[in-house]
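Before any comments, here is the structure.
Remember, predicted model here, so these are calculated numbers, not experimental data.
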Amino acid sequence: QVQLVESGGGLVQPGGSLRLSCAASGSIVSIGDMSWYRQAPGKEREPVAVIGRGGNTNYADSVKGRFTISRDNAKNTVYLQMNSMKLEDTAVYYCKAKIWESGRSAYFTVWGQGTQVTVSS
């Protein structure tokens, strides 16, 4: 059974940095796009950043220049480096990936369980 497990969340002061990781495990043939989303209290879940298998990236305007998404295909892992963090970055962060699992005929979407990120002084 394929699953995504996030790590690296926590408490950070405004202006600080955190690095999130999300590792995929299971009978994986291939992984396509990998993404980070976040959901703040009382708000809809929103996309933060996405990276293709070849490394092309796209970011939400709110995080451009502060966050960097990267991936290690050999480790089936995606990262989110968050710098110059702001109070409004506080949210539960989720990773999402399109995964081709052994025995399937196409990619399907898998979500992680989420990790809490709190920016507070």
What ring-ring contact (aromatic ring centres under 6.0 Å, His included) pairs are there with at least one residue in residues 99-121, not counting sequence neighbours? Tyr37-Trp111, Trp100-Tyr107
Please check if the number of heavy atoms outside Gln1 that lie under 6.0 Å from its CD is greater than 12. no
Which disulfide (SG to SG under 2.5 Å) pairs, counting each pair once, include a residue from residues 28-86, with sequence neighbours left out? none
Which other residues end up in the same hydrophobic cluster as Val5, if Ile, Leu, Val, Met, Phe, Trp and Tyr are linked when side-chain heavy atoms come under 4.5 Å apart? none
Would you say Ser7 and Thr115 make side-chain contact, with heavy atoms under 4.5 Å? no
Which heavy atom of Gln113 sits nearest to which heavy atom of Tyr94, and what is that distance? O-CE2, 3.6 Å
Within the structure provided, determine whether Trp36 and Lys96 are in side-chain contact (heavy-atom separation under 4.5 Å). no
Contacts satisfying ring-ring contact (aromatic ring centres under 6.0 Å, His included) that involve residues 7-30 (not counting sequence neighbours) are none
How would you list all residue pairs meeting side chain to side chain donor-acceptor pair (under 3.5 Å) that involve residues 45-59, not counting sequence neighbours? Arg38-Glu46
Salt bridge (charged side-chain N to carboxylate O under 4.0 Å, His left out) involving Lys64 - partner list, sequence neighbours excluded: Asp61
Leu4 CG to Met34 CE distance, which is reported to the nearest 0.5 Å: 6.0 Å
Shortest non-hydrogen pair, Gly52 vs Asp33, comes out as CA-OD1, 3.4 Å
Sequence neighbours excluded, which residues qualify as side-chain hydrogen bond (donor to acceptor under 3.5 Å, both in side chains) partners of Thr118? Gln116
Pairs meeting criterion salt bridge (Lys or Arg N to Asp or Glu O under 4.0 Å) with involvement of residues 72-82, two or more places apart: none
Is the shortest heavy-atom distance from the side chain of Val92 to the side chain of Val117 under 4.5 Å? no
Exam field: side chain Arg71 to backbone Gly55, donor-acceptor pair closer than 3.5 Å: no
Side-chain donor-acceptor pairs of residues 17-29 under 3.5 Å, sequence neighbours excluded:
from: Ser17; atom 1: OG; to: Asn83; atom 2: OD1; distance (Å): 2.9

Evaluation steps, side-chain contact (heavy atoms from CB on, under 4.5 Å), between Ile31 and Asn73: CA-CA 8 Å; Ile31 301 179; Asn73 290 331; over 6 Å; no
Which residues satisfy the salt bridge (charged side-chain N to carboxylate O under 4.0 Å, His left out) test with Arg66, sequence neighbours excluded? Asp89
So if you build clusters from Ile, Leu, Val, Met, Phe, Trp, Tyr with side-chain heavy-atom gaps below 4.5 Å, do Val110 and Val50 land together? no
Rounded at 0.5 Å granularity, tell me how far CE in Met82 sits from OH in Tyr93. 5.5 Å
Would you mind reporting whether Tyr79 and Ile69 have side-chain heavy atoms less than 4.5 Å apart? no
The reported gap from CG in Leu87 to OG in Ser121 (rounded to nearest 0.5 angstrom) is 6.5 Å
Grab the two heavy atoms, one from Ala60 and one from Pro47, that are nearest each other, plus how far apart they are. CB-O, 3.6 Å
Can you pull the salt bridge (Lys or Arg N to Asp or Glu O under 4.0 Å) pairs that have at least one residue in residues 103-121, sequence neighbours excluded? Glu101-Arg104
Checking the side chain of Glu6 only, and the main-chain atoms of Gly114 only, is there a donor and an acceptor separated by less than 3.5 Å? yes
Please give the remaining members of the hydrophobic cluster of Leu11, linking ILVMFWY side chains under 4.5 Å, ordered by chain and number. none
